[in-house]
Amino acid sequence: MKEGEATSYLEQLNPEQRKAVECINGPSLIIAGAGSGKTRVLTYKIAHLIRNHKVDPFNILALTFTNKAASEMRQRIEKIVGNEARNIWMGTFHSVFARILRIDGHRIGYPSKFTIYDTDDSKSLLKAIIKELNLDDKVYKPNTVYNRISAAKNRLISWKEYQGNPIFTTDDEAAMKPLMGKIFQVYVERCFKASAMDFDDLLYNTYVLYRDHTDVLNKYQQFFHYVLIDEFQDTNIAQYVITKKLAAVRQNLTVVGDDAQSIYAFRGAEIYNILNLEKDYPDLQVFKLEQNYRSTRNIVNAANTVIIKNKAQLPKKLWTHNPEGELIELIKANSDNEEGKLVASSIFEEKVNHQLQNSDFAVLYRTNSQSRSIEEALRRNNIKYKIIGGLSFYQRREIKDILGYLRFSINHNDEQALKRIINLPKRGIGAGTINKIVVTAYENKLSLWEVIENISNTGSGRSAGAIIDFVNLIKRFEIEIQKRDAYSAANLIAKESGLLKELYEDKTIEGLNRYENVQELLNAIKEFVDNTENEDKSLSSFLQEVALITSIDEDEADDQDKVTLMTIHMAKGLEFRHVYIVGMEEDLFPSQMMLSSRADLEEERRLFYVALTRAMEKLTLSYAITRYRFGRLKSCEPSRFLGDIHPQFIRVTRSAFPKIDSNINYSSYDGISGHNFTRNLQKQPKRSVSKHIPSPDFTASDTSSLSTGMKVEHPKFGYGVVVEMDEEGANRKAKVKFDNFGVKTLLLTFAKLKICN
DNA sequence: TTTCTGTACTAATCA
DNA sequence: AGTACAGAAA
């Protein structure tokens with residue numbers, strides 16, 4: 001390690017960043033605005049600890065919210081300090097806490113091979129419980145119940161405390177759901193009996209472990225000399241309390257965050273963790289990173305005008321040395337499908353005009369369901385895209401089925417896995433039988449496994465034979481798992497369970513897909529076994545990893561050049577040269593569910609702020625005035641957030657034109673009352689040279705017969721003459737010389753042209 | 001017990 | 001538009 005190298009990374013930092021990195025001891029808060037080099041500061045600080053202060057990587061705990069952020073950070077640290085970076089305790093809160101619970105969870109009654117229930121498991125267990133308690137699942141909606149329990153756990157409230165606290169019970173009674181606390185209790189008991197933890201339990205149980213076993217807490221307090229937290233604005237109470245405990249002895253707590261980017265209050269994130277940190281740590285050192293390196297000045301300034309509308313925030317002002325850049329474009333479309341088309345054609349044009357790649361573009365939306373129209377349009381324009389998020393590979397039915405077998409073979413208490421696989425493939429154990437098993441288990445205080453294991457003794461019913469076969473199958477799997485590595489065991493189970501055969505025999509396209517997915521899962525297990533970094537190659541070790549993988553973490557198999565589509569939440573921490581934010585409509589963004597309180601609305605605005613600040617060079621916003629929701633056409637108003645951006649940063653360049661045959665009175669949407677942005681926009685001097693106003697009867701003609709020499713009208717560029725035709729089929733292009741806009745190359749699949757004679 | 005069919009209901013964000 | 005579930009039929 002040469003002296004020069006050791007300091008070179010420090011020289012890449014600006015003075016404030018450097019101060020933050022070099023502040024080693026004591027609690028510190030780094031408020032890092034969007035694009036201000038937050039990750040760089042965090043990684044350099046860890047590297048600095050290891051290189052210059054000789055801290056053993058094993059003694060560093062670094063917590064993030066996504067596996068992706070963690071592995072990225074690890075790679076960047078590895079570049080500076082080398083292989084040692086592997087030894088840092090770095091990962092998501094959930095994965096690190098799961099690791100701790102595997103080691104010490106037996107102190108609070110969990111086996112180290114406990115199962116992690118995902119949201120689906122939790123909800124279906126809740127559904128079963130609600131049914132068993134003879135409650136109406138229209139009143140006690142599993143979703144609502146789940147959220148309520150989750151919120152309680154994230155605030156470190158046990159079911160007992162919940163039942164004893166009038167704040168909750170009066171609430172529930174007012175909502176006509178007095179048994180909420182009871183469901184909470186049964187749910188917790190059932191999870192415990194199943195040796196299972198849901199996502200929230202990973203936090204809550206870690207808290208309980210440390211609270212009730214000070215010797216365990218002491219061990220970890222001594223072990224972790226430095227605790228660092230990324231995206232601190234998104235921590236919930238449980239996460240904060242646990243990390244505070246861990247750092248209590250040495251007080252070396254570093255947190256990095258931006259209150260303006262807190263967008264996870266819905267899952268318990270507590271913005272006051274960051275706003276009030278100074279109260280818990282009076283000697284807190286605060287660093288503010290306010291210089292943005294990512295975006296153009298227009299984008300930074302526009303984002304500033306938005307976020308300033310929020311009341312609850314730490315004072316700061318993001319600025320940049322970057323060039324001014326282009327104005328933000330605003331696209332208005334008649335429908336969601338048209339919005340897709342306009343976005344796709346805009347991407348195509350920008351690509352051609354600025355020689356960009358697909359991967360320079362991202363389309364962001366509020367809800368996953370919005371991706372459909374965008375996808376369709378991109379496909380039609382032959383633009384390759386990838387969707388981040390949505391259904392994870394590991395959430396697919398066929399994958400969950402296989403995992404169900406694997407899970408259950410390892411943990412026979414896993415109730416959800418059992419229910420999933422007991423009659424899969426069909427072996428004649430139907431709903432009636434399963435019901436009987438559940439009742440027997442409940443009456444005799446046995447686990448479901450104990451009931452079916454002894455079924456021959458009780459000798460009940462027609463399906464007894466099938467159950468005995470099933471039990472023997474699982475027992476065999478259990479033995480084989482001991483003898484084999486994860487890959488070989490999974491292979492055996494996939495075959496002998498009959499699942500693989502069933503999928504193989506399904507020759508529909510879907511069935512083929514499923515079969516391939518299962519093969520892919522087996523490949524993933526093979527990779528896991530072959531990976532030298534994994535010490536434990538057992539199946540249970542693989543399952544532990546898989547439980548916390550989400551869709552963002554799945555690495556793209558093909559590294560092709562693609563446009564990225566994702567929700568704004570997924571986009572946090574990422575950047576793209578060109579960003580499209582679609583669906584800028586009231587009730588969609590902000591979501592109608594977030595309009596009830598100021599706090600909710602401010603969270604939506606922060607989400608908008610996050611979206612805006614993803615863009616490096618160019619930002620395009622769009623909205624549609626009609627949109628299909630629940631299979632019905634609904635008319636929409638432009639989002640109030642559009643009015644939050646100061647009009648000097650926006651220009652309306654492209655707008656769609658009313659269909660002549662439509663009954664909808666589009667003109668009423670033009671002067672959007674209550675949203676001053678359009679009013680202000682109209683006062684703006686026209687930017688472009690005499691913008692073409694299309695003739696009132698403008699309709700796109702069929703361009704299949706278009707040829708050189710023809711006169712055409714374009715909605716934006718006005719009148720012109722075709723000078724050249726290019727290619728055939730989907731990429732058929734026309735070069736048109738316009739009277740006022742020069743020669744443009746238009747892709748005929750989307751260009752609206754009227755042939756005039 | 002399994003399969004089929006009509007109906008009701010939904011889609012907010014993530015680990 | 002798509003799915004999940006209940007109830008009927010096989």
Side-chain angles (χ1 to χ4, degrees), chain A residues 63-70 91-98 116-124 127 131 137-138 141-144 146-147 150 153-154 197-204 231 234-236 238-239 262-269 336-337 364-373 376 388-392 394-395 397 423-435 461-463 466 546-553 566-573 583 587-595 600 603-604 606-608 610-611 627-634:
Chain A
L63 297 166
T64 64
F65 275 83
T66 63
N67 293 306
K68 200 177 170 201
T92 63
F93 281 92
H94 289 86
S95 69
V96 168
F97 291 174
I116 297 172
Y117 276 176
D118 67 15
T119 314
D120 287 342
D121 294 321
S122 300
K123 283 183 186 164
S124 76
K127 206 167 184 183
K131 212 170 223 171
D137 66 358
K138 299 222 167 53
K141 290 188 185 140
N143 248 317
T144 318
Y146 176 80
N147 289 333
S150 170
K153 285 182 184 168
N154 285 327
M197 299 195 199
D198 66 17
F199 291 136
D200 305 311
D201 287 333
L202 295 174
L203 310 181
Y204 181 75
E231 307 277 14
D234 290 332
T235 51
N236 58 36
Q239 288 160 331
S262 163
I263 54 174
Y264 284 109
F266 72 88
R267 70 165 194 227
D336 45 0
N337 283 330
L364 309 181
Y365 36 77
R366 178 68 234 269
T367 68
N368 276 309
S369 55
Q370 287 168 258
S371 71
R372 203 212 77 249
S373 58
E376 235 172 70
I388 310 282
L391 201 61
S392 151
Y394 290 99
Q395 285 173 309
R397 197 182 72 205
N423 197 27
L424 200 91
K426 297 252 151 37
R427 46 171 75 88
I429 307 171
T433 311
I434 294 170
N435 237 337
R462 296 209 296 285
S463 42
V546 148
L548 296 169
I549 288 179
T550 60
S551 45
I552 3 166
D553 306 321
M566 63 183 143
T567 63
I568 301 167
H569 282 87
M570 293 292 221
K572 177 130 152 253
D587 291 346
L588 184 59
F589 192 24
S591 154
Q592 77 267 27
M593 311 183 88
M594 294 294 264
L595 297 173
D600 283 351
E603 170 144 324
E604 288 286 284
R606 289 192 295 270
L607 188 60
F608 185 43
V610 167
R627 180 177 295 277
Y628 274 95
R629 293 182 94 180
F630 305 117
R632 293 206 66 91
L633 191 66
K634 291 262 167 67

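- The residue Phe93(A) sits apart from the nucleic acid: no heavy atom pair falls under 4.0 Å.
- Scored by the side chain to side chain donor-acceptor pair (under 3.5 Å) test, Lys127(A) finds no partners at all (sequence neighbours excluded).
- Here Lys572(A) lies out of heavy-atom contact (under 4.0 Å) with every strand.
- Taking the side chain to side chain donor-acceptor pair (under 3.5 Å) definition, one finds that Ser591(A) meets it with nothing, sequence neighbours left out.
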Enumerate all atom pairs, one protein N or O and one N or O from nucleotides 7-12 of chain B, separated by less than 3.5 Å.
from    : atom 1 : to        : atom 2 : distance (Å)
dA11(B) : N3     : Ser369(A) : OG     : 2.9
dA12(B) : N3     : Arg366(A) : NH2    : 3.0

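- With sequence neighbours left out, the salt bridge (charged side-chain N to carboxylate O under 4.0 Å, His left out) criterion links Lys572(A) to Glu231(A), Asp234(A).
- Using a 4.0 Å heavy-atom distance criterion, Lys634(A) is classed as making no nucleic acid contact.
- Think of the region where chain A sits on DNA chain C: with heavy atoms and a 4.0 Å cut, that region ends 5' and 3' at dA1(C) to dA6(C).
- Taking Phe589(A) as the reference, Phe608(A), Phe641(A) meet the ring-ring contact (aromatic ring centres under 6.0 Å, His included) condition, with sequence neighbours excluded.
- Qualifying side chain to side chain contact (heavy atoms under 4.5 Å, CB included) partners for Ser124(A), counting only residues two or more places apart in sequence or in other chains: Gln416(A).
- For the side chain to side chain donor-acceptor pair (under 3.5 Å) test, residues two or more places apart in sequence or in another chain that qualify with Arg627(A) are Glu339(A), Glu585(A).
- The side chain to side chain contact (heavy atoms under 4.5 Å, CB included) test applied to Ile434(A) returns Ile422(A), Ile429(A), Val438(A), not counting sequence neighbours.
- When the side chain to side chain donor-acceptor pair (under 3.5 Å) test is applied to Ser369(A), the partners found at least two apart in sequence or on another chain are Thr367(A).
- The ring-ring contact (aromatic ring centres under 6.0 Å, His included) check on Tyr264(A) picks up Phe266(A), His569(A), with sequence neighbours excluded.
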Check nucleotides 1-5 of chain B for protein N or O atoms closer than 3.5 Å to its own N or O atoms and list the pairs.
from   : atom 1 : to        : atom 2 : distance (Å)
dT1(B) : OP1    : Gly430(A) : N      : 3.4
dT1(B) : OP1    : Thr433(A) : OG1    : 2.3
dT2(B) : OP1    : Gly428(A) : N      : 3.0
dT2(B) : OP2    : Asn423(A) : ND2    : 3.1

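- Under the 4.0 Å criterion applied to side-chain N and carboxylate O atoms, Lys153(A) and Asp198(A) are assigned as salt-bridge partners.
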